[in-house]
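Heads up: the structure comes next, in structure tokens.
Just so we're on the same page: letters track the sequence lines, and every chain starts at 1.
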There are 2 protein chains.
Amino acid sequence: MYQEWSERFRALGDGTRLHILGILSVRDACVCELVELLPVSQPAVSQHLRKLKQAGFVREYRQKSWVFYALRTDLPPVIAAFLRDLPVAESDVSWLSTHEVAVSCAARDASELGLRGCY
Amino acid sequence: MYQEWSERFRALGDGTRLHILGILSVRDACVCELVELLPVSQPAVSQHLRKLKQAGFVREYRQKSWVFYALRTDLPPVIAAFLRDLPVAESDVSWLSTHEVAVSCAARDASELGLRGCY
DNA sequence: TAAGTATATAATAATATCCTGATGGAGGTG
DNA sequence: CACCTCCATCAGGATATTATTATATACTTA
């Protein structure tokens with residue numbers, strides 16, 4: 001009985017994972033976007049996403065080249081309420097609103113920055 | 001911003017600590033009672049209580065020989081709501097209702113069981 | 001099919017967590 | 001004072017967590 005909830009809370013017991021949930025409360029995001037917004041490596045982001053998925057907080061779907069993650073809509077009410085109240089950094093919100101997915105990642109190939117891909 | 005909440009959730013991310021909070025949602029309890037109700041050693045209980053106190057979930061007060069722990073009344077609303085909904089094992093409820101504090105611990109000295117103290 | 005991007009997994013190292021047994025202090029009581 | 005109970009802390013070892021780098025897999029597209 002307590003075990004199930006303790007596993008959920010362990011999934012929430014990490015600042016990076018809460019950061020991810022905060023971002024996803026603004027809009028769905030693909031992994032490469034999360035990598036840009038978070039101060040950790042791409043494999044670290046993948047592993048956090050796996051834990052969030054195992055805990056039942058996020059789902060994934062594939063679109064073009066990217067794997068998108070989204071908050072699940074069947075969250076336990078307590079968790080849903082928490083995420084509604086969770087503040088999101090203003091810098092994240094503005095990044096998410098000014099970057100279209102197709103622009104933020106691969107489409108940069110064509111930019112004059114000479115960047116290839118997200119990272 | 002996320003760090004503060006991740007620390008709170010880490011404190012909730014353990015089955016024994018959730019068990020303690022469930023017990024304290026029924027009534028205040030002293031350490032020796034918790035030791036009887038939980039399947040771990042007395043030092044383990046003390047260490048869990050310290051974490052719960054550091055996370056701001058419980059307070060302590062001394063009464064006679066015993067140190068009592070109680071849920072704090074200024075919990076973040078999300079946490080308070082969670083604890084209201086958290087089920088408590090029926091066996092714990094009945095133990096807590098049939099044992100008066102003074103009886104459950106040291107006063108057993110006088111019982112015919114020959115027990116001395118709680119543990 | 002070949003090349004490149006996006007993502008996941010493997011291997012590993014540093015650190016954190018959680019248990020137990022041992023020890024010690026605080027306070028009550030004969 | 002002497003002893004006993006309650007509780008906290010210390011010391012340790014086993015396991016879990018979280019990061020990184022290196023590598024593998026999957027999908028797109030030319």
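Residues meeting the side chain to side chain contact (heavy atoms under 4.5 Å, CB included) test with B:Val93, sequence neighbours left out: B:Val26, B:Val88, B:Glu90. In this structure B:Ser41 satisfies the side chain to side chain donor-acceptor pair (under 3.5 Å) test with no other residue, sequence neighbours excluded. Applying the side chain to side chain donor-acceptor pair (under 3.5 Å) criterion to B:Glu4, with sequence neighbours excluded, gives B:Arg8. Listed by chain and residue number, nothing satisfies the side chain to side chain donor-acceptor pair (under 3.5 Å) test with A:Asp85 (two or more places apart in sequence, or in another chain). Looking at residues two or more places apart in sequence or on another chain, you find no side chain to side chain donor-acceptor pair (under 3.5 Å) involving B:Arg10.
Remark: P of C:dA16 and CD of B:Glu7 are 12 Å apart, rounded to the nearest angstrom. Distance, B:Phe9 CZ to D:dT17 P: 17 Å, rounded to whole Å. Remark: P of C:dT7 and CG of A:Leu52 are 16 Å apart, rounded to the nearest angstrom. Atoms CH2 (A:Trp66) and P (C:dG4) sit 18 Å apart, rounded to a whole Å. When the P atom of D:dA19 is taken as reference, atom CZ of A:Arg50 falls 13 Å away, rounded to whole Å. Separating the OH atom of A:Tyr61 from the C1' atom of C:dT7 is a distance of 16 Å, rounded to the nearest angstrom. Rounded to an integer number of Å, the gap from A:Glu36 CD to C:dA6 C1' is 13 Å.
Counting only heavy atoms from C-beta outward, the side chains of A:Asp14 and A:His48 approach each other to under 4.5 Å.
Contacts classified as ring-ring contact (aromatic ring centres under 6.0 Å, His included) and involving residues 7-43 of chain A (residues at least two apart or in different chains) are given here: A:Trp5-A:Phe9, A:Phe9-B:Phe9, A:Phe9-B:Phe82, A:His19-B:Tyr2. Every pair passing salt bridge (charged side-chain N to carboxylate O under 4.0 Å, His left out) that includes a residue from residues 43-54 of chain A is listed here, sequence neighbours excluded: A:Lys53-A:Glu60.
Side-chain nitrogen and oxygen atoms of B:Tyr69 include none within less than 4.0 Å of the OP1 or OP2 phosphate oxygen of D:dC6.
Separation of atoms CD1 (A:Ile79) and CG (A:Leu71) is listed at 11.5 Å; rounding is to 0.5 Å.
Two end axes, each from the C1' atoms of five base pairs, can be drawn for the helix from C:dT1-D:dA30 to C:dG30-D:dC1; they diverge by 20°, to 10 degrees.
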Quick one: what's the B/S/- string for nucleotides 17-30 of chain C, heavy-atom cutoff under 4.0 Å, read 5' to 3'? SSBBBB-----S--

